[in-house]
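For reference, the structure is listed below as structure tokens.
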2 protein chains.
Amino acid sequence: MSSIKDVAKAANVSTATVSRVLAKHPHVRPALRERVLAAVAQLEYRPNLIARNLRSQQSKTLGLIVSDIRNPFFTAVSRAVEDTAYAHGYNLLLCNTDENPEKELLYLQLMGAEQVAGVIFSPTLQTLNRWHELHLSFPTVLIDRSLRSGDVDAVLLDNLSAGSLLAQHLLSQGYRRIGAIFGEASTTGRERQRGFEAALHDAGLSIQPEYVRFVRPQSEAGYHTTLELLGLPEPPQVIFTSNSLLTAGALQAIREQGLHIPAQIGLVGFDDTAWASLVQPAITVLAQPTDEIGRSATELLLQRVADPQRPTRKIILQGELIVRESSVEQRGRT
Amino acid sequence: MSSIKDVAKAANVSTATVSRVLAKHPHVRPALRERVLAAVAQLEYRPNLIARNLRSQQSKTLGLIVSDIRNPFFTAVSRAVEDTAYAHGYNLLLCNTDENPEKELLYLQLMGAEQVAGVIFSPTLQTLNRWHELHLSFPTVLIDRSLRSGDVDAVLLDNLSAGSLLAQHLLSQGYRRIGAIFGEASTTGRERQRGFEAALHDAGLSIQPEYVRFVRPQSEAGYHTTLELLGLPEPPQVIFTSNSLLTAGALQAIREQGLHIPAQIGLVGFDDTAWASLVQPAITVLAQPTDEIGRSATELLLQRVADPQRPTRKIILQGELIVRESSVEQRGRT
DNA sequence: ATGAAAGCGCTAACAT
DNA sequence: ATGTTAGCGCTTTCAT
């Protein structure tokens with residue numbers, strides 16, 4: 001690998017001049033510029049970004065720390081973040097935490113050590129609670145989860161409204177006994193649950209605790225919890241799930257019990273995954289604008305990188321209710 | 001951010017000693033070690049990896065360049081790569097190329113500039129064809145695609161067998177007019193097609209070119225191509241797709257045409273995605289061992305990092321045919 | 001066993 | 001407009 005010195009030697013100039021040419025500084029004589037460029041081409045010179053970063057104390061890398069890349073929501077967001085970062089000349093350091101606070105801390109440290117320009121992060125509740133103790137050396141934009149009060153940039157869904165909207169839809173369809181499964185590790189599940197409860201409350205319904213569960217936001221938990229719900233003396237008429245992994249697990253459980261959707265049981269969830277419209281009946285979902293979330297988060301982060309003094313902002317996006325066949329009106333049911 | 005100098009000063013030792021303690025060198029007096037460790041803790045010192053990398057000319061970062069992170073195959077592989085890398089103390093620089101050779105080259109350059117320890121890459125045919133011109137400065141493991149002859153480490157599916165296996169299953173089910181949609185940008189699609197053709201040939205069937213298509217390996221293409229196939233004067237009895245995005249598109253097209261699977265048309269594909277077993281009827285697939293692919297690729301890469309002289313290896317994994325309802329026997333059909 | 005010092009490749013302040 | 005040089009934070013000879 002040839003270095004800037006080799007180029008300087010080949011072009012018979014100083015390394016400073018090479019650096020200037022590469023950085024497109026204005027005051028370089030065309031003749032020299034040509035010589036440098038020729039040498040660069042001839043030697044196939046590529047600047048060593050490590051050295052550049054060390055010297056300039058900043059990198060063109062963004063960190064993205066998500067809890068599970070297999071969750072289609074994060075997959076979609078990651079893709080949007082990557083695209084946006086790329087468009088701005090940034091790259092992506094991707095980390096997976098499995099909702100594990102220790103891994104979160106470790107990766108956060110890593111980001112600091114790698115001198116990333118900034119980080120996009122979906123934290124667990126635990127890490128969020130000790131956020132102020134962390135003293136991170138880089139700007140952060142939270143996605144999917146945040147503290148109401150937290151003084152951090154964030155791009156979030158209006159989870160309260162989203163939970164309400166989905167619950168209201170269920171109520172409007174005549175459902176009364178609603179089983180609900182929420183993710184336990186994050187603020188998001190809690191907020192969606194609050195929206196859900198608010199909707200029931202507004203409709204004059206009381207909350208039956210045995211119908212409301214908080215579990216690990218993964219397929220297996222969705223499956224087992226749905227079986228439990230279905231096994232209740234008076235099983236719910238519909239299952240409300242707060243993320244798509246839970247929805248998948250619930251669907252599997254319902255199928256295995258030989259129950260027909262929507263005739264015997266309804267099912268709704270979050271995130272308009274590829275399969276939500278592919279299964280039959282298609283699943284009613286509260287779709288999140290994943291592209292917009294990823295794009296906004298990246299742009300927000302880049303703006304903060306450019307201006308660290310800028311006041312904290314939270315971007316709240318609205319979800320969209322997509323009504324499909326899995327939650328059609330149930331007449332004449334108890 | 002405190003540096004190694006600050007620590008040295010606080011512990012009243014030289015930076016060399018701090019470095020030795022951190023690197024767990026054997027010959028440091030316990031007393032000094034304690035002082036250093038105390039200073040590290042007190043100052044919350046974190047080594048600057050950029051500086052470390054510059055000095056040691058190597059990093060603990062692995063590059064992963066995939067064509068589309070939204071493809072569940074790559075999502076699953078990425079997850080496995082991340083896990084394995086993490087277990088070995090490495091991080092992941094993730095890039096998305098959209099099957100775009102220019103982006104591939106750009107990202108490959110970036111990897112060099114970022115001094116990654118190595119790269120796992122799923123290249124397009126075009127980049128593969130000029131692989132030897134690239135003169136990469138880091139070791140690479142190819143996944144999903146490769147040249148038969150190429151002198152590069154790779155972890156691949158036995159695509160020929162996989163294509164055959166899936167086609168043979170179709171033949172054994174009595175299907176004779178088989179529409180097939182393959183990805184065009186990679187070697188993988190071609191190989192699966194060769195396996196497919198071999199199976200038909202072995203069964204004494206001739207290949208009907210209008211039934212065999214090569215398209216962009218994405219959902220939209222699967223959708224439109226399936227519509228075309230379905231619109232043929234004598235439409236196929238079953239659709240064979242060579243990746244899960246194509247399968248999803250095909251399924252959508254079939255549904256929109258109001259055709260019943262498997263009574264009116266069959267459907268099979270690759271990759272056992274979350275939804276393949278969730279849709280009804282469940283889809284027969286040739287499942288790839290995504291976890292094993294990601295793990296093997298990472299370990300192969302790490303071994304090569306450790307020993308650059310080691311002879312090139314290709315790890316060929318077998319797919320598994322999972323027969324479900326979407327391809328059941330068709331009796332009495334023409 | 002420990003410290004002094006060189007140097008990884010680059011940028012930028014300073015000098016000319 | 002261009003060159004000289006210091007130094008980013010670290011590791012690793014080379015002395016002692």
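Residue numbers start from 1 in every chain, and the chains themselves are labelled A, B, ... in the order their sequence lines are given, proteins ahead of strands.
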Could you check how far [atom1] of [X] sits from [atom2] of [N], rounded to whole Å?
| X | N | atom1 | atom2 | result |
| --- | --- | --- | --- | --- |
| B/R52 | D/dC8 | CZ | P | 18 Å |
| A/M1 | C/dG9 | CE | P | 9 Å |
| B/R20 | C/dA1 | CZ | C1' | 8 Å |
| B/K5 | C/dA6 | NZ | P | 13 Å |
| B/K24 | D/dT11 | NZ | P | 12 Å |

*Report which part of the nucleic acid A/L49 touches: base, sugar-phosphate, or nothing (heavy-atom distance under 4.0 Å, all strands).*
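Touches nothing.
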
*Just checking A/I50: base, sugar-phosphate only, or nothing, at a heavy-atom cut-off of under 4.0 Å?*
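The answer is nothing, as A/I50 stays clear of every strand by at least 4.0 Å.
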
*Compute whether any side-chain donor of one residue and acceptor of the other, for B/T61 and B/E114, lie under 3.5 angstrom apart.*
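The answer is no; no qualifying pair exists.
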
*Do the side-chain N and O atoms of B/E99 and B/S67 include a donor-acceptor pair separated by under 3.5 angstrom?*
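Yes, a side-chain donor-acceptor pair sits under 3.5 Å.
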
*Can you measure from OG1 (B/T188) to CZ (B/R145) and round to the nearest 0.5 angstrom?*
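That separation rounds to 5.5 Å.
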
Proximal nucleotide (of [options]) relative to the [X] side chain:
| X | options | result |
| --- | --- | --- |
| A/H27 | D/dA1, D/dG3, C/dC10 | D/dA1 |
| B/L54 | C/dG9, D/dC8, C/dG7 | C/dG9 |
| B/T15 | C/dA5, D/dG9, D/dA1 | C/dA5 |
| B/Y45 | C/dG9, D/dC10, C/dG3 | D/dC10 |

*Below 4.0 angstrom from OP1 or OP2 of C/dG3, is there any side-chain N or O of B/T17?*
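For C/dG3, OP1/OP2 do have a side-chain N/O of B/T17 under 4.0 Å.
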
_Donor-acceptor pair under 3.5 Å, A/R46 side chain vs C/dG9 base_ =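 Looking at the base of C/dG9, it does not pair with any donor or acceptor on the side chain of A/R46 (distance under 3.5 Å).
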
_5' precedence on DNA chain D between B/S2 and A/P26 (nearest-nucleotide basis)_ =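 That would be A/P26.
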
*asked:* Judged by each residue's nearest nucleotide on DNA chain C, which is more toward the 5′ side, B/S56 or A/A16?
replied: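 So the residue in question is B/S56.
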
*Show your working on salt bridge (Lys or Arg N to Asp or Glu O under 4.0 Å) between B/D83 and B/R295 and close with a plain yes or no.*
CA-CA 8 Å; B/D83 278 356; B/R295 183 150 26 107; over 6 Å; no

